[in-house]
**Student:** 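Sharing a structure here in structure tokens format.
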Amino acid sequence: MRRLIYCLALFSWASTYAQKFEGLALTPPMGWNSWNKFACDVDENLIRKTADAMVASGMKAAGYQYIVIDDCWHGQRDQLGFIQPDPLHFPSGMKALADYIHAQGLKFGIYSCAGWKTCAGRPAGRGHEYQDAMKYAEWGVDYLKYDWCNTEALNAEGAYLTMREALHAAGRPIVFSMCEWGSNKPWEWGGKIGHLWRTTGDITNCFDCVVDHGTWKSWGVTYILDMQEGLRVYAGPDHWNDPDMLEVGNGMAVNEDRAHFSMWCMLAAPLIAGNDLSDMSKETIQILTNKEVIAVNQDSVGVQGFKYSSQDSLEIWCKPLQQAGWAVCFLNRASHPRDLAFVWQDHPISDAHAHREVNFQQATFQIRDLWLKKDLGRTNKTFVGKVAAHDVRMLKLTPLP
Ligand code: GLA
């Protein structure tokens, strides 16, 4: 009898304290989100067209899987408080849209917010968390981006915990993407709650500038990059830092898009494209689908890269990879090209966080340029080359026996 009571007590404790769905993001999530390009101009035709394009462009084959509708899909809540899609723009309903996306072998993502209203003023989750989670599960949602607007007096960790509990209770495994912008240091508490958390305010499609919107600012690529300082120790499989979605294909120069994409791969950042997939240039497709660069992002070790050195706007970033490999990325932030003459033997790499070290006097690596898709020789010779303005040279080092 006593054992039975003990078991019941344990069961009720376990069901009170649910957990996040484990193992849904062992590598950084890859997909597409409507916001950066389309903002509130979303409807079911755009989403279907985007799913088609994700397959036709080769992005699905390169590893992208989530199609996420950001803000503004919401209509009104019904009399019982259940959320409904906007009937004008989503007349077939969310279940039908999810079915369409799933039939393409892709996954379906949706957006809401912890506050009273979403950032664009639509009905949000506060007080409706369990109802919303039930609806998402019923519709076949696989990914939830949960924002942080209009959250007066809410505690961030508590609010995201409530939504985690609601998702768990609804029973459908859903990737939980916390969009708290870094204000409450989500990296310190987010790992047990969600699979990724935003580390900054919103990105903008500019390599090196800030856009001031009055009450808030959006940040260019290099600004967001600098805000990642110190955060790598918090990231790993199933819990990633999210420096915001990609702006590749949204108006920056090709070299800037390449640098942006490379750095997001070095950061083990989620790769969520934010451009119009049905209207991409050849260069945009080449950047978004470079499988060797993506492999650095998706590497199973799951360690976020770090800035090894920085001098006169030339940064060198390193990321440990599986099988004792490394990615090394030369980032030129200057607006003029740079010559490189890198003597590997003079640059031992040490990563205390990942417990990895390399001394090039003792070990030799094969070098591959991941954008030129060319083998460049070995680390026993000086790496001589050029890096264009606002561009990268991204190398993969593979140890030789
Ligand atoms: C916030 C988020 C963005 C986007 C918008 C939608 O600004 O940070 O990524 O979701 O809201 O309104």
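As the structure is a prediction and not an experimental result, all values here were calculated from the model. Note that ligands are numbered from 1 as they come in the structure, with each ligand's atoms numbered from 1 the same way.
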**Student:** If you define the side chain from C-beta out and look only at heavy atoms, does anything of Tyr160 sit under 4.5 Å from Pro186?
**Tutor:**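 Tyr160 does not reach Pro186 side chain to side chain.
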**Student:** Looking at Gln322, I want to see if its CD is surrounded by more than 12 non-hydrogen atoms of other residues, nucleotides or ligands under 6.0 Å.
**Tutor:**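 Yes, because the 6.0 Å sphere around CD of Gln322 holds more than 12 heavy atoms from other groups.
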**Student:** With a 6.0 Å cut-off (strictly less than), is the heavy-atom count around CD of Glu229, excluding the residue itself, greater than 12?
**Tutor:**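 Incorrect, the count does not exceed 12.
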**Student:** With Asp279, which residues qualify under salt bridge (Lys or Arg N to Asp or Glu O under 4.0 Å), at least two apart?
**Tutor:**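 For Asp279 there are no salt bridge (Lys or Arg N to Asp or Glu O under 4.0 Å) partners, ignoring immediate neighbours.
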**Student:** Give yes when the SG atoms of Cys318 and Cys329 are nearer than 2.5 Å, otherwise give no.
**Tutor:**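 No disulfide here.
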**Student:** Under the side chain to side chain contact (heavy atoms under 4.5 Å, CB included) test against Ile367, which residue among Val328, Leu397, Thr398 passes?
**Tutor:**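 With Ile367 as partner, side chain to side chain contact (heavy atoms under 4.5 Å, CB included) holds for just one option, Leu397.
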**Student:** Enumerate the pairs of nitrogen or oxygen atoms, one from ligand 1 and one from the protein, separated by less than 3.5 angstrom; state names and distance to 0.1 Å.
**Tutor:**
from: ligand 1; atom 1: 7 (O); to: Asp202; atom 2: OD1; distance (Å): 3.4
from: ligand 1; atom 1: 7 (O); to: Asp202; atom 2: OD2; distance (Å): 2.7
from: ligand 1; atom 1: 8 (O); to: Trp181; atom 2: NE1; distance (Å): 3.1
from: ligand 1; atom 1: 8 (O); to: Arg198; atom 2: NH1; distance (Å): 3.3
from: ligand 1; atom 1: 8 (O); to: Arg198; atom 2: NH2; distance (Å): 3.2
from: ligand 1; atom 1: 8 (O); to: Asp202; atom 2: OD1; distance (Å): 2.5
from: ligand 1; atom 1: 9 (O); to: Lys145; atom 2: NZ; distance (Å): 2.8
from: ligand 1; atom 1: 9 (O); to: Arg198; atom 2: NH1; distance (Å): 3.3
from: ligand 1; atom 1: 10 (O); to: Asp70; atom 2: OD1; distance (Å): 2.7
from: ligand 1; atom 1: 10 (O); to: Asp70; atom 2: OD2; distance (Å): 3.3
from: ligand 1; atom 1: 10 (O); to: Lys145; atom 2: NZ; distance (Å): 3.0
from: ligand 1; atom 1: 11 (O); to: Asp147; atom 2: OD2; distance (Å): 2.8
from: ligand 1; atom 1: 12 (O); to: Asp71; atom 2: OD2; distance (Å): 2.7

